[in-house]
Amino acid sequence: MNYYLSEELNDIKELCAEISEKYIIPVRAELDVENRFPAEIIKVMADSDLFGIYIPEEYGGSAEMFGGGSMALCVATEELSKACGGIAVSFAANALGAMPILISGSDEQKRKYLPDLASGSKLAGFALTESEAGSDAGGVKTKAVKDGDSYILNGTKQWITNGGQAQIYTVIAQTDTSRGARGLSAFIVEEGTPGFSYGKKEDKMGIRASSTMELIFEDCRVPAENMIAREGYGFIVAMKTLNKSRPGVAAQAVGIAQGALDEAAQYASERVQFGQKINSFQGIQFMLADMATQVEAARALVYSTAKMIDSGEKKYEKESAMAKVFASDVAMKVTTDAVQILGGYGYMKEYPVEKMMRDAKITQIYEGTNQIQRSVIASALIKETAARGK
Amino acid sequence: MRIVVAVKQVPDTSEVRIDEERGTLIREGVPSILNPFDEYALEEAMKWRDELGGTVTVITMGPPQAEAVLREAVAMGADEAVLLSDRAFAGADTWATSHTLAKAVEKMGDVDIVMTGKQAIDGDTAQTGPGIAASLDWPQVTFVGKVREINEDNIIAERYVEGGCEIIRSTLPVVITVLKDANTPRLPSLRGKMKARKIEIPVWGMEDIDLSGDEVGLDGSPTRVVKITTPEIVSNGEIHHAEPEELAGLIVDALLGKEGE
Amino acid sequence: MASIEVRKDTCVGCGACIPSCPFGAISMVEDLAVIDDSCTMCGACESSCSYGAIIIRTEEAGGFEIDQYSGIMVIAEQRDGEIDHSTLELLGEARRLAEADGSEVSAVLLTEKAGEWPARLTSYGADIVYLAEDSQLKHFRTEPFSRIVENLIVEKKPAVVLAAATTTGRDLMPRIAKNLNTGLTADCTELTIDPKTGGLLQTRPAFGGNILATIVCSNTRPQMATVRPRVMKTIDPDDARKGNLEKINLSPEDLISRTEVLEFEPLEEGEIDITEAEVIVSGGRGLKSEENFALLEELADLLDGSVGASRAAIDAGWIPYPHQVGQTGKTVQPKTYIACGISGAVQHRVGMQSSDRILAVNKDESAPIFEFCDEGFVGDLFEIIPLVIKEIKRRRK
């Protein structure tokens with residue numbers, strides 16, 4: 001479907017397609033096997049101005065030129081994900097890490113941290129998840145205790161994307177243990193701060209080019225001015241951050257699905273069995289038709305949500321959740337079907353689709369599991385119904 | 001430092017196919033691209049501009065649609081562009097082409113280096129670069145695989161020849177033709193793409209460059225194409241289908257002679 | 001100004017010209033071919049029309065008294081203390097062309113110390129050798145070489161000047177042609193005399209090797225051409241051949257050069273010039289990775305050969321550019337060329353089709369390479385090549 005993107009958004013798409021062709025596709029299998037972060041490709045992206053597309057011009061970015069930044073992020077992430085979901089998330093996770101600063105940071109904080117993120121000279125990561133706090137974000141146990149004009153952080157964050165590669169982390173920690181979720185606060189912690197170290201690097205099923213690591217805080221002293229907004233505001237910052245960046249994950253899922261669909265369609269047009277190309281068999285045709293329709297529907301949901309956000313809409317929690325849950329489920333289905341269509345070849349590492357299937361799975365899990373997404377959607381619906389009933 | 005890069009819009013000849021029956025090229029679906037060798041020349045020019053300061057101007061001689069490759073070059077980082085276009089330029093061989101490009105460089109004035117790719121992937125002659133140098137009466141360094149140094153007076157470059165590499169020093173101004181070994185061309189940046197869309201590209205015709213009809217285009221070309229054919233493929237090879245072991249044996253027979261003979 | 005015309009009375013609207021245009025400039029309007037501004041007058045459509053409906057007209061240029069020019073001049077090249085083999089090939093070709101009208105074949109030699117070389121050039125076909133000898137001519141440098149040769153051409157008026165399409169030839173000849181306002185055709189693979197005009201028909205690959213273009217230089221002289229090495233054949237040398245030697249007088253101005261050769265760095269141990277190899281084992285897209293080229297290296301070593309590659313492998317970064325065989329890489333003519341996982345697209349083919357013997361291994365039996373190889377083997381190179389290596393080692397014991 002032609003979405004009649006603006007020239008500027010098309011520039012992003014073209015640029016990402018070029019990066020994919022020249023830099024990502026040749027190495028994606030290797031990075032997957034070696035569990036290796038694509039440092040060289042990150043540099044290419046930075047040199048091409050990709051990192052600033054969601055950051056306002058005031059802080060060194062170019063978001064205004066792209067209509068706000070959400071569509072831009074989705075277009076970029078989707079295009080890169082067609083080639084490799086792991087490399088794409090290494091790009092997109094920076095927006096996630098920067099989002100707390102963007103949404104709720106003070107002007108000084110924005111001036112201090114955003115320009116480097118916009119230029120790509122520094123990378124960011126968002127640190128919420130812990131071993132006991134996944135879907136239950138309120139279960140965060142990392143503590144931040146006020147001491148003079150700083151806070152002392154103690155605790156361990158788990159499964160942080162860009163962990164070990166980023167220089168700037170937005171960390172959610174407990175400042176008031178008596179208030180549950182309302183006792184959380186958000187902090188900006190820079191790599192190299194004494195008491196902040198990295199733990200193990202995870203060995204994942206998919207998106208293996210993405211660096212996923214533990215962050216360990218041991219009496220880590222963070223200046224008070226690094227707190228975002230104020231004490232107790234951390235949960236809201238986290239939720240707003242996830243709501244706004246969620247379309248990006250949905251875009252990643254759409255991209256992975258599209259990449260798999262393209263491979264399957266191409267293979268079906270070449271593979272001959274029983275004297276015919278297999279795309280002349282209705283069984284295959286129907287599979288491809290369903291795959292294509294679902295990917296298109298997922299894309300439409302993602303783009304509509306992104307447009308909403310760019311247009312200034314304040315409440316988009318439900319739509320954001322819908323886009324993510326639908327697109328990720330589609331990605332899992334489409335990649336699985338792609339492997340099926342490639343048959344035995346699809347199961348071999350020599351062909352790219354088994355990796356796509358492994359990459360797709362995480363999109364149903366992170367940035368809020370699909371079960372949580374459904375709860376969110378249901379809650380919103382219930383509220384709307386109640387409001388209508390009055 | 002003022003560097004001019006002469007580029008060409010070419011059909012992507014790696015995508016070109018032949019209509020075997022008619023012996024003609026199949027043009028449909030073959031995109032027009034910036035000549036790949038010129039990308040390397042452009043990158044080299046920008047590299048040295050970034051280091052020494054100055055400007056990079058891209059020029060091309062072609063029909064109006066050739067403007068697209070100039071905009072592509074600006075998106076990659078060229079500072080300005082000029083399109084040399086005139087009905088009279090059509091049909092030019094390398095003599096007329098290099099003459100026209102050289103006159104444009106003269107008109108610009110104050111140019112220190114002209115860089116161009118080793119060859120265009122449609123003509124494949126590799127003659128235009130030296131032709132420009134001759135027209136300008138500048139020294140030339142061809143087959144440059146690496147530029148080691150550029151300063152106010154000289155350029156020092158590695159010229160890749162048969163059996164090795166010559167280290168050449170030349171005075172400036174100079175024309176150099178560049179190989180793919182020289183660098184890795186950068187991608188266009190988003191900023192660049194935006195600039196490329198908005199930038200005004202002047203078009204210079206025959207009179208703008210003080211040329212006359214017998215110096216340009218087909219009339220100014222001492223050579224002419226009189227025939228185009230497709231190469232004949234002689235297919236009489238024996239194709240073997242067998243298990244890998246047997247195939248390997250046959251290959252070694254072909255290489256070393258049959259065992260026992 | 002030159003013009004192109006579709007003759008309305010002759011055009012039948014068959015549309016054969018449309019796909020022939022490399023620039024997409026032709027369309028059919030009411031059964032008549034129409035050519036738009038994208039036309040570059042390359043002449044492809046003129047050739048494609050079986051009805052002669054497309055005509056390109058140019059104005060005749062004057063200024064050259066064609067009849068005053070005769071003879072075939074070959075620019076000799078030296079390398080590694082020897083006359084380069086390509087020079088001998090050119091002399092052989094010049095002799096064949098000269099048979100048509102008894103033209104004189106001359107060779108031009110610019111060098112530091114000529115030694116036995118004039119005699120060698122004579123025995124390979126030169127009737128006369130023009131020699132410039134000076135310490136400043138030890139290395140090829142564009143300006144002195146072009147100046148000296150230009151002066152000689154103006155004086156001796158050869159009808160044809162040939163040089164090998166080496167880095168030297170391709171540097172020197174365009175400069176001379178431009179200065180003498182005459183035509184130059186690059187990288188010719190075939191030269192013949194047109195019986196109608198007596199002019200030289202110069203045939204060469206273009207468009208990445210997808211087509212062969214025949215080019216003429218009708219109105220100016222000399223007709224200049226660089227010729228692809230390893231395509232033409234030498235004559236059998238005859239030490240008894242008689243030839244003349246004429247020294248070129250040099251003045252200091254002739255030798256002025258704004259370029260200097262500071263140093264020559266020969267290829268390092270392990271770096272090869274694949275054009276010298278007798279056996280080339282070449283890999284393409286089918287190799288799939290950098291590591292897999294080690295397999296080809298092992299086979300090449302066993303056969304005392306070199307490793308080549310198609311553009312796909314180079315672009316993927318699996319092996320460096322000096323190994324590239326093809327239109328934008330090197331042209332090779334080894335005794336044996338073993339193509340592994342190479343589809344055989346034309347851009348690659350033109351770089352290796354003159355190999356004495358081509359063996360191809362590819363698991364896709366519809367790959368174009370099987371259409372022109374001498375022996376093809378349909379199968380997985382990753383299974384076959386290790387077995388080939390094993391078998392070679394076994395037989396050699």
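Throughout, protein chains are lettered first and strands after them, A, B, ... in sequence-line order, and every chain is numbered starting at 1.
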Checklist outcome for this item: Pair count under 4.5 Å, heavy atoms only, with chain C: among Asp122(B), Asp214(B), Asp93(B), highest is Asp122(B)

Item to check | Thr182(C) and Thr220(C) side chains, donor-acceptor separation under 3.5 Å | outcome: yes

Checklist entry - Given a strict heavy-atom distance threshold of 4.5 Å, which part of Glu263(C) is in contact with chain B: side chain, backbone, both, or neither? => result both

Checklist entry - Do any of residues 146-159 of chain B have a heavy atom less than 4.5 Å from a heavy atom of chain C, and if so, which, in residue order? => result Arg148(B), Ile156(B), Arg159(B)

Next on the checklist: Between Asn181(C) and chain B, with a heavy-atom cut-off of 4.5 Å, which part of the residue counts as in contact: side chain, backbone, both or neither?
Outcome noted: both

Item to check | Thr125(B) side-chain N/O to Gln127(B) backbone N/O, donor-acceptor pair under 3.5 Å | outcome: yes

Checklist entry - Top residue by heavy-atom pair count (under 4.5 Å) with chain B, among Glu391(C), Arg141(C), Arg170(C)? => result Arg170(C)

Checklist entry - Which answer fits Thr142(C), side chain, backbone, both or neither, if we ask what part of it has an atom under 4.5 Å from a heavy atom of chain B? => result side chain

Item to check | Arg394(C) versus chain B, the contacting section by heavy-atom distance below 4.5 Å | outcome: side chain

Next on the checklist: Heavy-atom cut-off 4.5 Å, strictly under: side chain, backbone, both or neither for Val350(C) against chain B?
Outcome noted: neither

Next on the checklist: Run Thr223(B) and Trp95(B) through side-chain contact (heavy atoms from CB on, under 4.5 Å) and show every step you take.
Outcome noted: CA-CA 8 Å; Thr223(B) 63; Trp95(B) 194 100; over 6 Å; no

Checklist entry - Between Gln202(C) and chain B, which part of the residue has a heavy atom less than 4.5 Å away: side chain, backbone, both or neither? => result neither

Checklist entry - In terms of heavy-atom contacts, does CD of Glu106(B) have more than 12 from other residues, nucleotides or ligands at under 6.0 Å? => result yes

Next on the checklist: Evaluate Cys49(C) against Cys17(C) for side-chain contact (heavy atoms from CB on, under 4.5 Å), listing each step before the verdict.
Outcome noted: CA-CA 6 Å; Cys49(C) 178; Cys17(C) 53; 5.6 Å; no

Checklist entry - Out of His139(C), Glu383(C), Arg79(C), Gln353(C), which one racks up the most heavy-atom pairs below 4.5 Å with chain B? => result Arg79(C)

Item to check | Portion of Arg396(C) that has a non-hydrogen atom of chain B nearer than 4.5 angstrom | outcome: side chain

Checklist entry - Measuring heavy-atom distances to chain C, does Leu256(B) have an atom under 4.5 Å in its side chain, in its backbone, in both, or in neither? => result side chain

Checklist entry - For chain C, which of Pro244(B), Pro222(B), Gly220(B), Gly129(B) has the most heavy-atom pairs under 4.5 Å? => result Pro222(B)

Checklist entry - So which of Ile392(C), Asp187(C), Val361(C) has the largest heavy-atom pair count under 4.5 angstrom toward chain B? => result Ile392(C)

Item to check | Closest-packed option against chain C by number of heavy-atom pairs under 4.5 Å, given Cys165(B), Ala133(B), Pro63(B), Gly145(B) | outcome: Cys165(B)

Item to check | Separation between CG of Leu212(C) and OG1 of Thr229(B), rounded to the nearest 0.5 Å | outcome: 4.5 Å

Checklist entry - Taking only residues two or more places apart in sequence, or in another chain, which ones meet Lys118(B) in a side chain to side chain donor-acceptor pair (under 3.5 Å)? => result none

Next on the checklist: So which residue, Lys335(C), Glu365(C), Met173(C), Lys390(C), ends up with the most heavy-atom pairs under 4.5 Å with chain B?
Outcome noted: Glu365(C)

Checklist entry - At what distance, to the nearest 0.5 angstrom, does CD of Gln119(B) lie from CG of Asp124(B)? => result 5.0 Å

Next on the checklist: Could you tell me if Thr203(C) and Thr214(C) have a donor-acceptor pair between their side chains, going purely by distance under 3.5 Å?
Outcome noted: yes

Next on the checklist: Check whether Glu67(B) reaches the backbone of Leu83(B) with its side chain - one donor and one acceptor, N or O, closer than 3.5 Å.
Outcome noted: no

Item to check | Side chain / backbone / both / neither for Leu303(C) at chain B, heavy atoms under 4.5 Å | outcome: side chain

Checklist entry - If you count heavy-atom pairs under 4.5 Å between each of His241(B), Glu245(B), Gln9(B), Glu246(B) and chain C, which one has the most? => result His241(B)

Item to check | Pairs of heavy atoms under 4.5 Å with chain B: top-ranked of Gln324(C), Arg311(C), Gln223(C), Glu375(C) | outcome: Glu375(C)

Next on the checklist: I'd like to know whether Cys39(C) forms a side-chain contact (heavy atoms from CB on, under 4.5 Å) with Ile4(C), so could you lay out the CA-CA distance, the side-chain angles of the two residues, the decisive distance to 0.1 Å, and finally the verdict.
Outcome noted: CA-CA 9 Å; Cys39(C) 167; Ile4(C) 185 166; 4.1 Å; yes

Checklist entry - Side chain, backbone, both or neither: which part of Ile132(B) has a non-hydrogen atom closer than 4.5 Å to chain C? => result neither

Item to check | Part of Thr336(C) within contact of chain B (heavy atom distance under 4.5 Å) | outcome: side chain

Checklist outcome for this item: If one checks every heavy atom of Leu184(C) against chain B at 4.5 Å, the contacting part turns out to be both

Checklist entry - Charged N to carboxylate O below 4.0 Å: is that the case for Arg175(C) and Asp137(B)? => result yes

Checklist outcome for this item: The interface call for Thr168(C) against chain B, heavy-atom contacts under 4.5 Å, is backbone

Item to check | chain C contacts, top residue of Ser170(B), Gly163(B), Pro130(B) (heavy-atom pairs, under 4.5 Å) | outcome: Gly163(B)

Item to check | Which atom of Ser221(B) lies closest to which atom of Gly91(B), heavy atoms considered | outcome: OG-O, 3.5 Å

Checklist entry - Where do Ile33(B) and Val69(B) land on the side-chain contact (heavy atoms from CB on, under 4.5 Å) test, with the steps shown first? => result CA-CA 7 Å; Ile33(B) 57 172; Val69(B) 295; over 6 Å; no

Next on the checklist: Tell me if a side-chain donor or acceptor on Arg349(C) pairs with a main-chain N or O of Pro368(C) at a distance below 3.5 Å.
Outcome noted: no

Checklist entry - Can a donor-acceptor pair be found between the side chains of Glu77(C) and Thr166(C) at a distance below 3.5 Å? => result yes

Checklist entry - Considering only heavy atoms, which portion of Phe37(B) lies under 4.5 Å from any heavy atom of chain C: side chain, backbone, both, or neither? => result side chain

Checklist outcome for this item: Between Ala92(B) and Thr97(B) the two heavy atoms that sit nearest each other are CB-OG1, 3.5 Å

Next on the checklist: Please classify the contact of Ile358(C) with chain B as side chain, backbone, both or neither, using a heavy-atom distance under 4.5 Å.
Outcome noted: neither

Checklist entry - With respect to chain C, which residue among Glu166(B), Glu238(B), Lys180(B) yields the maximal number of heavy-atom pairs within a distance under 4.5 Å? => result Glu238(B)

Checklist entry - Has Glu243(B) got more than 12 heavy atoms of other residues, nucleotides or ligands less than 6.0 Å from its CD? => result no

Item to check | Arg224(B)/Glu46(C) salt bridge by N-O under 4.0 Å criterion | outcome: yes

Item to check | Check: Asn183(B) side chain, Glu43(B) main-chain N or O, donor-acceptor pair, under 3.5 Å | outcome: no

Checklist entry - Contact part of Glu143(C) toward chain B, heavy-atom cut-off under 4.5 Å: side chain, backbone, both or neither? => result side chain

Next on the checklist: Need one label for Ala345(C): side chain, backbone, both or neither, based on atoms under 4.5 Å from any heavy atom in chain B.
Outcome noted: neither

